[in-house]
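Each remark here refers to the structure printed beneath this line.
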2 protein chains.
Amino acid sequence: MARRNDHSREEIQAMAIEAAIDILNNEGPGSLSTRKVAKAIGYTVGTLYLVFKNLDELILQVNATTLDELEDGIVAVSQDQLNPVSTLKAMALAYLHYAQDNFARWSLLFTWRLPEGEPVPEWFDAKVAGVFEKVREPLQQLRPDSDAQTCLQAAREIWSGVHGACDLGLNGKLSFGGEFKPDTLIESLVENYLIGFAKA
Amino acid sequence: MARRNDHSREEIQAMAIEAAIDILNNEGPGSLSTRKVAKAIGYTVGTLYLVFKNLDELILQVNATTLDELEDGIVAVSQDQLNPVSTLKAMALAYLHYAQDNFARWSLLFTWRLPEGEPVPEWFDAKVAGVFEKVREPLQQLRPDSDAQTCLQAAREIWSGVHGACDLGLNGKLSFGGEFKPDTLIESLVENYLIGFAKA
DNA sequence: ACCTGAACACCGTTCAAGT
DNA sequence: ACCTGAACACCGTTCAAGT
């Protein structure tokens, strides 16, 4: 057929990312493929390789939008909180709820691994750092005399806990031998950690 | 060829699991396949489906041995510790080191997902519960008056943190904008959490 | 210049046919 | 009874050939 200029390079990229997100939402992680994306946007697989280097690059773009939404979700709830502790709790629960509501994309963000040599591009790392920065702010309020580096480490510590609870919880590795709901678990985890952090 | 009775069903299963572990160690997660396992043990793919229902069942067996080793590693270091806090720290670091040294298998244990309907078999859940039980013991010592259920929840909370730090750390999602080594991060996380937990 | 379609080297899974 | 080998329906990726 060889249709010409129906869409620009950028338009095809945008269409592909949107199609990939649809497939993830409807069919779950693991059923995403270049061939399915190509079919969904009405082009051949070959065309996909004209606008993306490979599947990894497409997934990286999908993950970037996931990360953006994740940050937006966390920031949104942190506005109308009375103190740093409730802010951090609200952010943690927002993270959990995003992961629950967008399980396939949230999963892909953390399970996807680039091939051996390939490093994650700088702009992507910067995005991740941006999320941690949002977590740092309330921690800084909690301990105004600490330097930024200390609070950045604390942000990584507390978020490791929140992320880990989501990971284990949403993958069914927490709830047996009794009810252990991720949200109550996360609230208690954040509470206990912050007692220690505030005291030091 | 159709060789007969060279190996029993159980022997073929054991050989396959061992071969799968080798492939994971040498080629990383994601390059495990039924065809590679079959070739490694000198049988056809068809034979693999005679002794395992499918790839998921083989992986479940591999994950079971990983879980056993993980528990052994944690228990080993908890023997000669002076108090519950140092026990928990030692266990957390043992978990990290196992994950570092056996990255492919540790990854597989947490990234593998069974197809939609399939539930994880009970015996596997029991294994996971067994690991949490080991974490519960020192927590119980720390707060002898608390009931088992409270300590089991705490075990899940603290291990969410340890697991999350391993996950993010080993996948390069922690160390940018400064050095954040997983081991110092985990130690501090456990310390802070336990201050809160002991106080309550 | 843009896009296709067929090819290549892989997958998981099944099952008639061979010994 | 045990095992094979070919088949089916999928993958990611490449690239000569078409318009």
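Because only heavy atoms are used, hydrogens play no part in the values below, and waters and symmetry mates are left out as well, while side chains stay in. Numbers restart at 1 for each chain; the letters A, B, ... are given by sequence-line order, proteins then strands.
If you take CG of L48(A) and C1' of dC2(C), they are 15 Å apart, rounded to a whole angstrom. Atom CZ of R9(A) and atom C1' of dC3(C) are 13 Å apart (whole Å). K36(A) has its NZ atom 16 Å from the P atom of dA9(D), to the nearest Å. Remark: C1' of dG12(D) and CG of L114(A) are 15 Å apart, rounded to the nearest angstrom. The nearest whole Å value for the distance from the CG atom in D56(B) to the C1' atom in dT13(C) is 12 Å. Atom P of nucleotide dC10(D) and atom CG of N54(B) are separated by 18 Å, given to the nearest angstrom. At whole-Å resolution of the value, CG in L50(B) and C1' in dA1(D) are 10 Å apart. With rounding to whole Å, E11(A) atom CD is found 11 Å from dC3(C) atom P.
Counting non-hydrogen atoms under 4.0 angstrom, S33(B) reaches the backbone sugars and phosphates but no base.
A close approach under 4.0 Å does occur between a side-chain nitrogen or oxygen of Y43(B) and OP1 or OP2 of dC3(D). Between Y49(A) and dT14(D), a side-chain N or O to OP1/OP2 separation shorter than 4.0 Å is absent.
Within 6.0 Å of atom CD in E116(A), 12 or fewer heavy atoms from other residues, nucleotides or ligands are found, so the atom counts as exposed in its surroundings. For E122(A), the CD atom counts as loosely surrounded, since its 6.0 Å shell holds 12 or fewer non-hydrogen atoms of other residues, nucleotides or ligands.
Judged by closest nucleotide on DNA chain C, T47(A) is the one of R35(A) and T47(A) placed further toward the 5' end. Projected onto DNA chain D by closest heavy-atom contact, T34(A) and G46(A) fall at different nucleotides, the more 5' of which corresponds to T34(A).
Figure legend. dG18(D) is base-paired to dC2(C); pairs are counted as Watson-Crick or G-U wobble with both atom distances under 3.5 Å. With a 3.5 Å ceiling on both atom-pair distances, the Watson-Crick or G-U wobble partner of dG12(C) is dC8(D).
A donor-acceptor contact closer than 3.5 angstrom is absent between the side chains of Q153(B) and Q149(B). For the residue pair T65(B) / R105(B), a side-chain donor-acceptor distance below 3.5 Å is found, with atom types taken as modelled.
Partner K127(A) forms a side-chain hydrogen bond (donor to acceptor under 3.5 Å, both in side chains) with one of T66(A), N63(A), D68(A) and no other, that one being D68(A).
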